[in-house]
Protein chains: 2
Amino acid sequence: MPETDAGPGRRTPLTRERVLRGAIAVADGSGIDALTMRSLADELGVKPMALYHHVANKQEILDGIIDAVFAEIELPPPGTDWRTALRRRALSARRVLRRHPWAAPLMESRTAPGAATLRQHDAVLGTLRRAGFSVPTAAHAYSLLDSYVYGFALQEAALPFAPETAADTGRALLARFPSERYPHLAEMVTEHALRPGYDYGDEFEFGLDLILDGLQRLLR
Amino acid sequence: MPETDAGPGRRTPLTRERVLRGAIAVADGSGIDALTMRSLADELGVKPMALYHHVANKQEILDGIIDAVFAEIELPPPGTDWRTALRRRALSARRVLRRHPWAAPLMESRTAPGAATLRQHDAVLGTLRRAGFSVPTAAHAYSLLDSYVYGFALQEAALPFAPETAADTGRALLARFPSERYPHLAEMVTEHALRPGYDYGDEFEFGLDLILDGLQRLLR
DNA sequence: ACCTGAACACCGTTCAAGT
DNA sequence: ACCTGAACACCGTTCAAGT
C-alpha cells in the first residue's frame, strides 16, 4: 500500500535499492509475469516513469533482482571441511530458490552477472580448490552441483506436486489419463506421491548427498 | 477473390500442428520473447486472430511447444541395460534442450503436462523399476537425473561461456572485476575456460556419469 | 468453416515539462 | 534533483462481421 503521509518532503525517496526490493515483493506475491513497470510503480506509490530515474530499464531490474537473490544464499562457511560447507550452501540455495520460484527460470536471461553472483562463484570455487580439487575437476564439480540445485528448483517450481495440492493434482492426472497407458507413472503416483506426508522437496537431499559422495571419491 | 479451387498458389490451411511448428520456429530463431501472437501470425502468413481458431490462447501454445520438445527426446531404448538406456536418454534430452534453449526455463509455467511428457516419465520410471529400483528409490533417481539435465540446460542457455564468444566474455568479465577480488574465478577463467578448445558443454557427461555411478551403487 | 478489421485494456519506453 | 502527463509502438484477446 502506498504511504499516504501528508507533506511532500516526508515520503521515503525512491532508490535503486527500494526499486529492487519492491520488484522482488511483487514477483514473490503475484508471480514474475505480474511484475510490470506499472505494477511496480503502484507497489512503490509512484508513477511508472519515476522508476527510470533509478534504473535504466526493466532488464536492469531483472538482472538486479537475480543478483539480490544470489546475495540471499549463504556462502560456504570458511574453516569448515569442504563437504559440509558445500552441503550447507546447496541447502541454502535451494531454500532461497523455493522462496523465489521465479528466480531459477529467469537466470536464462541474465546477461551480466552481478557482484553477489560473482562472489558466490568465487567462494564455491575457492572451497573446492582448497579441498584439493584440480582446476578442471573443480569446474566439473561446480557445474554438477549448480546444475542440480537449479534444476531441482526448476522442477519444484513447475511440478504439479506442490505440497498442499499434490493429492488433488495427482488424482486429476490419473483421471485424465488411463493408468494402463502410463502404468509406471500411475504406480509412482498412487503408491508414492499420493501417500500422506510425501513432499517432493524431500528428494533434494538424496541427490545432493549422492553427488557429494561421488565428488569425495574423486579426492582419494 | 474466390480462390476456392485447389490451385498452385493456395495456402495450406492452418492446423494446430502448423501453429505449434511455427511457434517453435519463431522461438528457435528469435528467442521466446519474440514469440507473440502477431509475430507467429506473420510467420504463418496469416492474421493474428486466425490463430485463435486452432488454439485457445497463447498459454496453450506454450504448453503445446513444451510437449513437442519432449516428443523430440529419445525414449530410453527398451531391451538395453538400464544404465545405457538412461544415459542415452539424458544425452538426447540435453541435445534437444540445447537446440531449444528457451524450453527449460519455460517448464516452470507448464501447468498440464502433455502426452509426450507423460510418456517420457513413464518410460524412464519403467526402466528404473525393471532395473530393480524400488518405487521410492526410482523417485529419487528420476528427480536427480532430470534435475541435473534441466539444470545443465538452464546453465548452458544462461552462461556467458557460449562456445564462440567464451573468450570475449571471459576477458570482459576479468576486465570489469579486479581479479584480486575474485581470485578463484579469475584462475578458473584464465587457466581453464579461456583455454582454446574449452567447451562448457563437455562438462555434461562428467556429471551424468557420476550420477549414474551413484545410482548403480544403490543396486548392489 | 475458416479467416479478418476494429477495438479494448494492457505493455515498456521516450519526451518534454512540472515541482 | 526528483517526479510526472501525454504519447508511441507494441501486447493478448474479444466481438462482430466477412468469405
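Per chain, numbering begins at 1; letters A, B, ... match sequence-line order.
- Note: B:His140 and A:Phe206 have parallel aromatic rings, judged against thresholds of 30 and 60 degrees for the angle between ring planes.
- At whole-Å resolution of the value, CZ in B:Arg16 and P in C:dC2 are 15 Å apart.
- Residue B:Arg94 qualifies as enclosed at atom CZ: its count of foreign heavy atoms under 6.0 Å is above 12.
- The CG-P distance, from B:Leu44 to C:dC2, rounds to 16 Å in whole Å.
- Stems are defined here as 3 or more consecutive Watson-Crick or G-U wobble pairs with pairing distances under 3.5 Å; those involving DNA chain D are C:4-8 with D:12-16, C:12-16 with D:4-8.
- Salt bridge annotation for A:Arg195-A:Glu191: absent, with no cationic side-chain nitrogen under 4.0 angstrom from a carboxylate oxygen.
- Between the A:Arg18 side chain and the A:Pro13 main chain, a donor and an acceptor come within less than 3.5 Å of each other.
- A salt bridge links B:Asp146 to B:Arg89: at least one charged side-chain nitrogen sits closer than 4.0 Å to a carboxylate oxygen.
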Could you encode protein contacts along nucleotides 9-16 of chain D as a string, one character per nucleotide from 5' to 3', using B for base contact, S for sugar-phosphate-only contact and - for no contact, with a heavy-atom cut-off of under 4.0 Å? --BBBB--
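- When the shell of 6.0 Å around CZ of B:Arg87 is examined, it contains more than 12 heavy atoms from other residues, nucleotides or ligands.
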Report the C-alpha distance between A:Glu72 and A:His100 in whole Å, list the side-chain angles of each, state the deciding distance to 0.1 Å, and finish with yes or no for side chain to side chain donor-acceptor pair (under 3.5 Å). CA-CA 11 Å; A:Glu72 287 183 36; A:His100 309 296; 3.0 Å; yes
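- Salt bridge status for A:Glu60 with A:Arg16: present, with a side-chain N to carboxylate O gap under 4.0 Å.
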